[in-house]
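Below, chains carry the letters A, B, ... as their sequence lines are ordered, and counting in each starts from 1.
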Amino acid sequence: MAKHKFSTHHGMVDILPDEVRKWQYLENLIHQEAEKFNFEEIRTPIMEQTELIVRGLGQLTDIVSKEIFSFSRGDDNYVLRPELTAPVVRAFVENHLDQRGGSQKLYYIGPMFRAERPQKGRQRQFHQFGVEVLGSADPVADAEVIAFMVHIYKKLGIANTTLKLNSIGDPESREAYKKALKEYLKPNFEKLSDISQTRFEKNPLRILDSKEEEDQPFIETAPVITDFLSEESKVHYTQVKEYLDDLGISYVEDPYLVRGMDYYTQTAFELISPDLGSQDALAGGGRYDLLVEEIGGKPTPAVGFAAGMERLFIACEELDIKLGSEKSVDIYIVTLGDAARKWGLKQLPAIREKGLSATMDYMGRSMKAQMKDANRENARYTIIVGENELNEGKFTLRNMKESEENQLTMDEILNKLSAWLNVRRSIFYKHPISRSSDRK
RNA sequence: GAGCCCGUAGCUCAGUUGGUUAGAGCGCUAGGUUGUGGCCCUGGAGGCCGUGGGUUCAAUUCCCAUCGGGCUCCCCA
């Protein structure tokens, strides 16, 4: 490969025009469906104060301890946001969103940054969409958040997913469980994997999702957190499950599901897909009833999830789901000679005014090259203009698909195209998700 | 942070057991059709064979390093 003077940073990729189509499709879908759930979009800065992220996610989490992009300028410390729950909570507190009344039902779409080693489904700049509901302790909120998450994948036709569900209880329940777990593991401490041994003191819960061979026998018979839940936590968890049942959302209880950030309490969930390989989590989330207070707000219960957009696209590819329509333009004006070219340029605004897309050659090429370009651009119609047309005031309108031509005045062309546009809009709505097996 | 694999045209890949001008298909471009796309035919442009160093009379080929990519572990979306 020829050497380029500049390139993107490791683990960061350009999203090129052909790819952007599917991004726009997904973003539009999220906006549209979020609106149906009455979730409102929130946009926060790409950078936050280092302290917010450290306090929010926990000093000892992997994200904070080794995956953060940070720098300082003067006395200020900046971090490229690695996730959006803590920033959204910050915005909630800083802008007194609780004063809007009721619970705040927010969603977001945007880039996140983690300094990890890239691999399939993992980049240093990646994109998430997610929901945060602040101010409700009601299990209905948990159920709705999960319902929205599941809804998006279902809408796209990503069917073979598994929703894993667990409750990690309130801090008291968790402490009791940690103690029991450590007591259970202690006699066999020496037999645990090295990683698990180091986690033993720091974060014993993480031992539960160890993939190390030697840990498996101990994990299989380990005590289960759901047995240690307080009465309140138990009721909450039971209700969440009930509501999910009512909504017809199936799930698999996984008592060993533990999530990465320190702020989680109670409900924890993950949506996984077998199509993703090693990074199999499409989305994950849970309750974080203590985070708002931790960040300096009033005690406020909350629940949310985050979903990886790149991973969603990987799942689509594996399932042969194509998002977004092919590129096309309604009108391509093909011109011969300078006078025609000038005329063509002047017609573009009127066509666009009708709500149609229109373009012409920018390179002064031959008619054949222009036709070829129109074909490549997937033009529905071409308007062909040369001296004859200019003299007669009638222009050639060519339907590219049917290869039919008519000699019409510009007014007639505009009327015809408007009619065509209306028909296309009202009757011929095509859902822009397809499988390649559907298309010829 | 650790391990394994891979870097030859814009893309997908041949090839050189080390030896003059490095190939194909697709794509791009021009022409065949002096005013008509998709198919076909013909021509053209496009590569310091990722980068740096070493071995050698000679390196795209062998060795080392480096950068980039892929995958796995770890962790997460």
> When you check every protein heavy atom under 4.0 Å of nucleotides 28-33 of chain B, what one-letter string (B, S, -) results, 5' to 3'?
Replying inline: SS--B-

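- Identified under the side chain to side chain donor-acceptor pair (under 3.5 Å) test for residues 386-396 of chain A, with sequence neighbours left out: A:Glu389-A:Thr396, A:Thr396-A:Gln407.
- Among B:C71, B:A77, B:U36, the nucleotide with an atom closest to any side-chain atom of A:Glu116 is B:A77.
- For A:Arg311, taking side-chain heavy atoms from C-beta onward, the closest of the listed nucleotides B:C76, B:G38, B:G35 is B:C76.
- The base of B:U36 lies close enough to the side chain of A:Glu405 for a donor and an acceptor atom to sit less than 3.5 Å apart.
- Phosphate proximity of B:C71 to A:Gln119: absent, as no side-chain N or O sits under 4.0 Å from OP1 or OP2.
- Stems are defined here as 3 or more consecutive Watson-Crick or G-U wobble pairs with pairing distances under 3.5 Å; those involving RNA chain B are B:1-7 with B:67-73, B:10-13 with B:23-26, B:28-32 with B:40-44, B:50-54 with B:62-66.
- At the heavy-atom level, A:Gln123 lies under 4.0 Å from base atoms of the strands shown.
- One can find a donor-acceptor pair under 3.5 Å joining the base of B:G37 and the side-chain atoms of A:Asn375.
- Here B:G37 is the nucleotide among B:G35, B:G37, B:U72 with the atom lying nearest to any side-chain atom of A:Met400.
- Checked by distance alone, A:Ser7 brings no side-chain donor or acceptor within 3.5 Å of a matching partner on the base of B:G68.
- Distances from the side chain of A:Arg398 to the nucleotides B:G35, B:G37, B:G70 place B:G37 closest.
- Applying the ring pair (Phe, Tyr, Trp, His ring centres under 6.0 Å) test to A:His31 and every residue at least two apart in sequence or in another chain returns A:Tyr107.
- Scanning atom types as modelled, no donor and acceptor separated by under 3.5 angstrom connect the side chain of A:Arg122 and the base of B:C71.
- Contacts between residues 9-18 of chain A and RNA chain B, defined by a heavy-atom separation under 4.0 Å, are made by A:His10, A:Gly11.
- The residue A:Leu282 sits close only to the backbone: its heavy atoms come under 4.0 Å of sugar-phosphate atoms, none of a base.
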Under 3.5 Å, N/O pairs linking protein and nucleotides 41-45 of chain B:
none

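- In this structure, A:Lys22 is positioned above the aromatic face of A:Phe313, its NZ or CZ under 6.0 Å from the six-membered ring centre and within 45° of the axis.
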